[in-house]
A.B. asks: 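Just passing along the structure, written as structure tokens.
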Amino acid sequence: MCGALRPSDAGKKATLMGWVNKRRDLGSLIFVDLRDRTGITQVVINAERDAAIHEKTEALRNEYVIAVTGTVKLRDASTVNKNIATGEVELVAEELRILNESKLPPFLPSDTALTNEETRLKYRYIDLRRDVMQFNIELRHKVAKAIRDYLSAQGFFEIETPFMTRSTPEGARDYLVPSRVQPGTFYALPQSPQMFKQILMISGFDKYFQIVRCFRDEDLRADRQPEFTQIDLEMTYPQPERVWEVVEGFLTAAFAAAGFAINTPFPRMDYDEAIRLYGIDKPDLRLPAFTDVRECFAAENLQELAINASLPVVAIRTPKVGELSRKERDDIKPMFHAKGGAKIFEDFKRIGNKFPEAAAAIAKKTGMEDGDLIVLVAGSAQAGAWQAASSQAHTAAATNKKVTPQELAIYASAGTLRLALAQKYAERHGIFKKTGDAAKDFRFLWVTNFPMFEWDEGEKTWNAAHHPFTSPHEEDMAKLESGVEALHDPLSPLSAVRALAYDVVLNGTELGSGSIRIHRQDVQSRIFRALGMTEEEARERFGFFLEALEYGTPPHGGIALGLDRIVMILAGAESLREVIPFPKTARAVDLMVDAPTPVSYKQLRDLGIDVLKFGETFRRNWLEKLPKSLELKREHGRTYLNKVGRRVGLPASREVKANSWKVELPERFDHLVLLCQSDAGKVLDFVLPGDLVAQLWPAYQPRPGHRITTVVVRDGERYFLRAGKRRLEITEYLGKTDILRG
RNA sequence: GGGGACGUAGUUCAGUUGGUUAGAACGCUGCCCUGUCACGGCAGAGGCCGCGGGUUCGAGUCCCGUCGUCCCCGCCA
């Protein structure tokens, strides 16, 4: 392999195969850097030694695939290249074969400046040749293998679960797979194998794991792809601590495989504590926690600052930011997104001028050092009105050590600001820079005792915060019982029910989430009742599962971790795309294979599917595939696309600037779908029933593959179809059918 | 669904208050070069300034729309 040769190999014969990474042509002496997965070796071709090979080498271009046989030679001391592992040797070519040529790639794997994502994704096979990508994918393999090996050694079975499964209304949107055999019905791709793994526990496979693809049809982020990989595991009879031990074990193995020695056990923190100290349920422990500095102010100070004295005053300390200019201070304000009456005091100097004693106390309490930035977040006095009204909640919650919604608003606002500030001044405080000490670089944390229920302000009800199979705390069972009576009361005892749920967090990223599950039918019923679900509704949605629970279900629990995120952090990457070989864009498009695409009518018909609304995707995919040189032409009272002009489209009319495009008619049709861009730039698409088509084109006989184009014209509030000189008003008709505005 | 950034040569980018023929670097092509490894030297090719409208005597530059990529909010049990 190209990265393998060492001085000890000197004198040996070797054959290397790989890509031409670089050719340095010095005339009758040519150097070729030959690259494969393992590295780069320099090949020397000397015209004096072999004119034929030299001639062949002159034809080589970047990314040609070649095979070279030659003798490994130690380099002279003066020509050693310390930058590469094979730098002390080179291969003197005695035979050279061009295995394949290459077109000039849009970018080279050896380029130092990164090409834009669009090009990288389109030519992913070239992008993946880059050493960083090779490293990341190899790292991913090593991590996955380490986890498999560890869990297997611990007695876990890797068991596969179906990809084509049942849609559940809970949680994220499902990706659906239509059934041909039973038209009108759909499988769903799993958001996670949650129910199957619990069924496996019921089935007696007491330790299960799987490195498995999951699918969620939600909007993407840098750390969210529509398909992603989970390390999913479940075991019987565990305390949460037992699950944590297993996770700590395989993470240690995974990080070791990546060359990092991490410490276990990870620290643990209650959800409430995480909110109080960090304003978020996935704290980044590398940064300083909040300090509550309400006590540092005198009551009059708070009044003067219009701060609500019954809510916390949070100090955010960002280290080593240094003196900020007026403009820089102003830049902080837009970074703050106030929730529920939270307000910001970004100018600590001014606080110091006005209230020197308070400022001194704050500086002391926060451990402020020279150059540290202090920003305060507090509840505004205006928020006091509704605060007073629910002061009862405040006291009640205080006894439960529970964070109230009002406090949460302050903490959460401060929490996002804390991260934004840390991000903005990352260069200055340097906390995010790797030190090389894994214990400092990777700050793990277990966040535990999540609330069982979340208040939905819109629906005025309590929802399951995790999933409805999460077991509540044994001690909170009584609250659960009484809380059921107050399902639509935001102050319900349900607010204080804790779940046996836990998250594993690394450097502010949620790596995984798990829980001890409910294994008893009676508890499960109570939870469903608490969620306002009747027995019948519950049966309807989770029938098979509830039935399974009744056949001797052992206590069980587990967790699922995002493999992509783990590898991303290990690789030091900013985006999941860097650790997924074939990722999708923010619009869930695969730019290499160009998916998704519209499918033929025949395919849809087989599935019993009728697509009513063709959206942007349809329009784009269909239009883009038309030759650019088409223009509309009218003949024999019909409109055709002809090869004349530059773009597809109709000449702009006075009334409306309309584009139009073809619709491929099926053998049989009940309606046409037309899409039209109105003068306001809005895309209208609507269904045109068959009898209207007949009115417009009386002589028209639908034929397979026949294409028709028409234009929708708008005149004020009236809409017309145009066919030749005829105009057919469809305004009224549109009112009766569904006109869908895109 | 909402907000923001970006789109100029194959690639990364520059392009002034709108004003001659749109530049640089790398890459590419040809020639020269025996110790390079970011090789060097000489010569050269390469542009619907994303697309469509508009304003203007004049648009890469201003306005509107649209397409695409990225980031964020909502969403993601």
Side-chain angles (χ1 to χ4, degrees), chain A residues 21-33 40-49 54 58 61-62 73 75-76 78-84 86-87 90 103-108 110-123 126 168-173 191-192 194-195 214-226 228 334-335 337 339 416 420 423 450 452-454 463-470 499 501 510 513-515 531 560 574-575 577 585-587 589 591 616 619-620 623-624 628 646-649 652 657 659 677-683:
Chain A
N21 196 57
K22 187 81 198 179
R23 186 182 58 122
R24 285 179 298 280
D25 188 345
L26 276 64
S28 46
L29 185 66
I30 302 176
F31 299 98
V32 172
D33 288 343
I40 287 178
T41 298
Q42 174 166 284
V43 179
V44 196
I45 294 93
N46 195 324
E48 270 178 19
R49 180 186 279 274
H54 182 265
E58 283 184 322
R61 294 295 180 267
N62 285 330
K73 175 176 157 268
R75 296 201 201 180
D76 292 344
S78 61
T79 62
V80 163
N81 183 354
K82 291 188 184 110
N83 298 322
I84 58 175
T86 60
E90 60 194 2
K103 277 172 54 172
L104 177 67
F107 58 96
L108 291 172
S110 53
D111 282 348
T112 41
L114 214 51
T115 303
N116 72 67
E117 291 254 356
E118 210 176 334
T119 314
R120 286 180 59 199
L121 290 176
K122 184 168 178 197
Y123 298 93
I126 295 168
T168 51
E170 302 290 306
R173 266 186 292 271
Q191 296 173 25
S192 81
Q194 182 60 38
M195 295 223 205
C214 302
F215 308 85
R216 290 176 194 176
D217 187 5
E218 294 294 344
D219 287 351
L220 286 78
R221 288 283 191 285
D223 61 352
R224 259 160 41 191
Q225 282 273 315
F228 57 98
M335 294 162 67
H337 301 285
K339 291 173 190 159
T416 35
Q423 209 65 55
F450 275 78
M452 184 82 187
F453 301 97
E454 265 171 2
N463 287 329
H466 197 56
H467 56 66
F469 311 118
T470 301
E510 180 198 317
S513 183
S515 64
L531 293 171
E574 295 288 314
S575 161
R577 292 184 300 274
T585 70
R587 286 173 54 258
V589 169
L591 290 176
E616 285 295 310
R619 197 174 72 101
R620 187 178 53 254
L623 263 183
E624 290 302 308
K628 289 269 157 67
R646 290 191 345 151
R647 296 262 322 160
V648 172
K657 288 166 201 160
N659 280 336
Q677 188 180 337
S678 76
D679 51 354
K682 287 267 178 184
V683 173

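Worth knowing before you read on, the calculation uses all heavy atoms, side chains too, and leaves out hydrogens, waters and symmetry mates. Letters A, B, ... are given to chains in the order of the sequence lines, protein chains preceding strands, and every chain is numbered from 1.
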A.B. asks: Touch check for A:Ser78, heavy atoms < 4.0 angstrom, all strands: base, sugar-phosphate only, or nothing?
C.D. replies: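 Touches nothing.
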A.B. asks: Ignoring the backbone of A:Gln42, work out which of B:rC76, B:rG35, B:rU12 is nearest its side chain.
C.D. replies: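 Per side-chain heavy atoms of A:Gln42, the pick is B:rG35.
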A.B. asks: Output yes when a side-chain donor or acceptor of A:Arg216 lies under 3.5 Å from a complementary backbone atom of A:Gln191, and no otherwise.
C.D. replies: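 Yes; at least one donor-acceptor contact below 3.5 Å.
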A.B. asks: Would the base of B:rU36 count as contacting A:Arg75 through its side chain, where contact means a donor and an acceptor less than 3.5 Å apart?
C.D. replies: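 Indeed there is one.
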A.B. asks: Counting side-chain heavy atoms from CB outward, which of B:rG27, B:rC37, B:rC39 is closest to A:Thr79?
C.D. replies: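 Nearest listed nucleotide: B:rC37.
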A.B. asks: Just by distance, do the side chain of A:Asn116 and the backbone of A:Thr119 share a donor-acceptor pair under 3.5 Å?
C.D. replies: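 Judged by distance alone, yes, a pair lies under 3.5 Å.
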A.B. asks: Between B:rG74 and A:Arg221, counting only base atoms on the nucleotide and side-chain atoms on the residue, is there a donor-acceptor pair under 3.5 Å?
C.D. replies: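 Yes, a donor-acceptor pair under 3.5 Å.
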A.B. asks: Taking A:Glu218 first and then A:Arg224, would you say they form a salt bridge - that is, a charged N and a carboxylate O separated by under 4.0 Å?
C.D. replies: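 A:Arg224 and A:Glu218: not salt-bridged.
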A.B. asks: For A:Gly27, report the nucleic acid contact type (base, sugar-phosphate, nothing); a contact means any heavy atom under 4.0 Å.
C.D. replies: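 Base, at least one base atom sits under 4.0 Å.
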A.B. asks: Side chain of A:Lys22, heavy atoms from C-beta onward: which of B:rA38, B:rG27, B:rU36 has the nearest atom to it?
C.D. replies: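 Among B:rA38, B:rG27, B:rU36, the one nearest the side chain of A:Lys22 is B:rG27.
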A.B. asks: Taking the minimum atom-to-atom distance to the side chain of A:Arg224, which one of B:rC75, B:rU69, B:rC28 wins?
C.D. replies: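 Of all the options, the side chain of A:Arg224 is nearest to B:rC75.
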A.B. asks: Heavy atoms from C-beta onward define the side chain here; which of B:rU12, B:rG68, B:rU36 lies closest to that of A:Arg587?
C.D. replies: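 Within the option list, the nearest is B:rG68.
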A.B. asks: Remember a base hit wins even if backbone is also touched, and classify A:Arg23 as base, sugar-phosphate or nothing at under 4.0 Å, heavy atoms.
C.D. replies: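 No contact.
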A.B. asks: It should be established whether A:Arg24 places a side-chain nitrogen or oxygen under 4.0 Å from OP1 or OP2 of nucleotide B:rC39.
C.D. replies: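 For B:rC39, OP1/OP2 do have a side-chain N/O of A:Arg24 under 4.0 Å.
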A.B. asks: If you look at every strand shown and take non-hydrogen atoms under 4.0 Å, does A:Glu510 touch a base, only sugar-phosphate, or nothing?
C.D. replies: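 The answer is nothing, as A:Glu510 stays clear of every strand by at least 4.0 Å.
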A.B. asks: For the side chain of A:Asn116 and the base of B:rG7, is some donor closer than 3.5 Å to an acceptor across the two?
C.D. replies: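 Side chain to base: no pair below 3.5 Å.
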A.B. asks: Starting the side chain at C-beta, find the nucleotide from B:rU36, B:rC70, B:rU12 nearest to A:Arg577.
C.D. replies: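 Of all the options, the side chain of A:Arg577 is nearest to B:rC70.
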A.B. asks: Calculate the interatomic distance between A:Leu26 atom CG and B:rC33 atom P; express it in whole Å.
C.D. replies: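 One finds 11 Å between P of B:rC33 and CG of A:Leu26, rounded.
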A.B. asks: For the side chain of A:Ala113, counting heavy atoms from C-beta on, which of B:rU69, B:rG74, B:rU12 is nearest?
C.D. replies: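 Between B:rU69, B:rG74, B:rU12, the one nearest the side chain of A:Ala113 would be B:rU12.
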A.B. asks: Has the side chain of A:Glu117 got a donor or acceptor atom sitting under 3.5 Å from an opposite partner on the base of B:rG68?
C.D. replies: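 Result: no qualifying N/O pair found.
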A.B. asks: Whole Å only: how far is the CG atom of A:Asp217 from the P atom of B:rC76?
C.D. replies: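 Taking atom P of B:rC76 as the reference, CG of A:Asp217 is at 12 Å.
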A.B. asks: Return the nearest nucleotide to the side chain of A:Asp219; candidates are B:rC75, B:rG27, B:rC39.
C.D. replies: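 Among the listed nucleotides, the one closest to the side chain of A:Asp219 is B:rC75.
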